[in-house]
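Shown next, in C-alpha cells, is the structure this report addresses.
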Amino acid sequence: MTPTQSGSVAAQGASNLRERRAPPAVMTIFGASGDLTKRLIVPALYNLVRANKLSDDFSVIGVDHTDRPPQEWIQSLSEMLEQFTGCAVDKTAWSWLTQRLQYLCGDFADDATFTKLKILLAKHKQAPNGLFYLAVADRFFAPVIEQLGKAGLTEQSSDAWRRVIIEKPFGHDLGSAKALNARVLKVLSEDQVYRIDHFLGKETVQNILVLRFANGIFEPLWTRDHIDHVQITVTETVGVEHRGRFYEQTGALRDMVPNHLFQLLAMIAIEPPSSFNADAVRNKQTELFHAIHPIAAADVVRGQYNRGTELGQPVPDYRHEPDVAPDSNTETYVALRIGIDNWRWAGVPFYLRTGKRLTARTTEIAVHFRQAPYALFRDTPVEHLPPNILMLRIQPDEGLSISFSAKRPGQEIEIDGVAMDFAYSSYFAPVVAVGYETLIYDCLLGDATLFQRADTVEAAWQAIQPLLDAWSHDPPKDFPNYAAGSAGPHTADLLLARDGRKWLPIGGNRVQTDIPAAQQRSRLKVTS
Ligand code: BG6
C-alpha cells in the first residue's frame with residue numbers, strides 16, 4: 001500500500017511505485033477449482049490485466065486434485081467471469097490471461113505433486129519469482145508449506161523471491177494460531193508470509209488511514225477528550241448459506257471479530273505510524289491489540305437467528321440450515337463492548353457488532369463525538385442536541401458523512417441535526433474490483449502493509465481468548481434469540497443502554513444522527 005498522490009495535487013516527478021507493473025512471477029494457486037479462485041482470485045487477476053499491472057512474463061499454475069483437462073478448468077473460470085461481468089468481458093484482457101494459465105492435477109499431500117510443480121516452475125526461466133497462493137481449507141496450510149519447503153520451492157536467491165499468501169482462518173484460537181505460525185515459520189521467513197484479511201483489500205478501509213493521517217482536521221480530535229464512543233457494525237442479510245459445516249466449528253465471533261472487525265478497529269484506533277512501511281504500521285496494530293482490555297463475558301452478547309423473513313421471503317432458522325446440528329449452540333451474531341487501555345482511548349468504549357440474517361447488509365463505523373461542554377442555549381438541556389457523528393460507510397454506498405447542528409433559518413433560534421456527505425460514487429469514477437486486486441498486486445511488489453504479521457494475528461486471538469474460554473464453560477441458554485431479518489437480539493440493545501447509549505439503526509440513511517428521525521424533524525427550539 002505505497003501511498004502516492006494523484007490528480008491535481010500530484011507531486012510532479014515523484015516516483016510512483018503504484019504506477020509500475022508488478023515484476024515477472026509465476027503464481028501457483030492451490031485450490032484452483034475452488035470457489036475463492038473462481039469468484040475472487042482469477043477475476044482480480046483479470047482486473048489487474050485490464051489495469052496493465054501485470055508483467056508480460058506473469059503466469060499462473062492452478063493446482064487441484066480434480067483430474068480434468070486444463071481447457072475445462074479455464075472454461076469454468078470463463079463462465080464465472082461472464083456471470084460477474086455480464087457479457088462485457090474484455091476479450092483481449094481475458095485471452096491475455098488465459099494464454100498464461102496452466103493446470104496441474106495433484107493431491108496436496110503427495111510429494112509427486114510438488115516434484116511436478118518444481119519441473120513446471122523450472123520451465124519459466126524468464127520469471128524466477130514464485131508466489132504461492134493457498135486458496136485451500138485451513139487444514140492444508142501447514143502441510144502445503146511443508147511440502148513446498150521439502151521440494152526446495154521456498155528457497156530464495158538475490159534474483160528470485162518466493163512468497164506465500166495464506167487465506168483466513170489463521171487458527172481458531174490463540175493456541176492453534178501459535179502452532180500454525182510455528183509450523184509456517186519453520187519453513188519460511190516472516191517476510192515471505194502474506195496472511196490475508198480481505199477487509200484490508202477494500203478501498204474504504206484503506207481510506208481510513210488516509211482520512212486520519214492525510215488530513216489535519218481529524219487527528220487533533222481523535223482522542224478520549226473529544227470522542228465519546230465508537231460503533232463498528234458489520235451486518236449481513238444472508239444466512240450461513242452452504243457453509244454450515246465450516247460455520248458450526250467457527251461461529252460469528254471467530255469468523256469475523258479477531259480478523260475483519262479488528263482490522264476496522266485498528267484503522268480507527270492505532271497510533272500514527274512513523275511511516276507507511278509495513279512493519280511501522282503492523283507494529284502499531286499489534287500494540288493496539290495488546291492494549292485491548294480483557295473482554296469480560298458480561299460485555300458480550302451472542303445470538304442465533306430464528307426463522308423469519310429476509311427481503312420479503314420466509315427463511316429458516318439457523319438450526320434448519322444444511323449441515324447444522326438441530327440443537328446447535330453456534331452463534332450467528334455477536335456484539336461486544338471493548339475498552340482499550342492506552343493514553344488515547346482509556347474510558348472510550350468501542351462497541352462492535354456483527355451477524356448474519358440481519359436487517360441490512362452494511363459495514364460502517366460511527367465515531368460519536370462528545371457533546372458540546374456547556375449549555376449555552378439556556379432553555380435546552382445540552383444533551384438533547386444531536387451529537388456530532390462521523391459515519392464511515394465502508395460498504396455498500398461507500399462514503400462518509402458528518403452530522404452536526406445547524407440553525408434553521410428564521411427569527412428564532414431553532415436547531416436542526418444536519419449532515420455533510422461524501423459519496424465515492426459522486427466523486428470518483430467507479431473502479432471495477434473484487435477487492436483482491438490491491439492485495440495480490442502488493443504481494444507481487446513485496447509490500448506487506450495490508451497483510452498480517454505473526455505477532456499481530458496472535459495478539460488479536462489473545463484479546464478474545466478469555467471470551468472463548470468463558471463461553472466454552474457456559475453454553476447459551478436462549479438460542480435462537482433473534483428473528484431472521486431483525487436487528488439482532490434485544491439484549492444487544494441493553495449492552496449499550498446500560499451505558500446510556502443506543503446503537504444506530506443498521507444500514508440507516510447517510511444523514512443519520514443519533515436521535516430518531518421524528519425527533520430530528522421536531523427541532524429543538526432554543527433561546528440564547
Ligand atoms: C468472510 C466470512 O471472511 O467474510 C463470511 O467468513 C462473511 O462469513 C464474509 O460473509 C464477509 O465479507 P464481505 O466482504 O462480503 O463483507
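Ligands are counted one by one from 1 in listed order, and the atoms in each one are counted from 1 as well.
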Which is it for Ile365 and Phe350 under the side-chain contact (heavy atoms from CB on, under 4.5 Å) test, yes or no, and what are the steps along the way? CA-CA 10 Å; Ile365 304 171; Phe350 287 76; over 6 Å; no
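Legend: ring pair (Phe, Tyr, Trp, His ring centres under 6.0 Å) pairs involving residues 450-481, not counting sequence neighbours, sorted by first then second residue: Tyr194-Phe451. Legend: salt bridge (charged side-chain N to carboxylate O under 4.0 Å, His left out) pairs involving residues 298-308, not counting sequence neighbours, sorted by first then second residue: Asp299-Arg498, Arg302-Asp474.
Side chains of Ser328 and Thr330: a donor on one and an acceptor on the other come within 3.5 Å.
Taking the ring centroids of Tyr333 and Tyr482, they lie under the 6.0 Å cut-off.
With sequence neighbours excluded, the residues that form a side chain to side chain contact (heavy atoms under 4.5 Å, CB included) with Arg245 are Asp323.
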List of N/O pairs, ligand 1 versus protein, all under 3.5 Å?
unit_1, atom_1, unit_2, atom_2, d
ligand 1, 3 (O), Lys168, NZ, 2.8
ligand 1, 3 (O), His260, NE2, 2.7
ligand 1, 4 (O), His260, NE2, 3.4
ligand 1, 6 (O), Lys168, NZ, 3.1
ligand 1, 6 (O), Arg243, NH2, 2.8
ligand 1, 6 (O), Asp255, OD1, 2.6
ligand 1, 6 (O), Asp255, OD2, 3.3
ligand 1, 8 (O), Arg243, NH1, 2.9
ligand 1, 8 (O), Asp255, OD2, 2.6
ligand 1, 8 (O), Lys356, NZ, 2.9
ligand 1, 10 (O), Glu236, OE1, 3.2
ligand 1, 10 (O), Glu236, OE2, 2.5
ligand 1, 10 (O), Lys356, NZ, 3.2
ligand 1, 12 (O), His198, NE2, 3.1
ligand 1, 14 (O), His198, NE2, 2.8
ligand 1, 14 (O), Lys202, NZ, 2.6
ligand 1, 16 (O), Gln395, NE2, 2.9

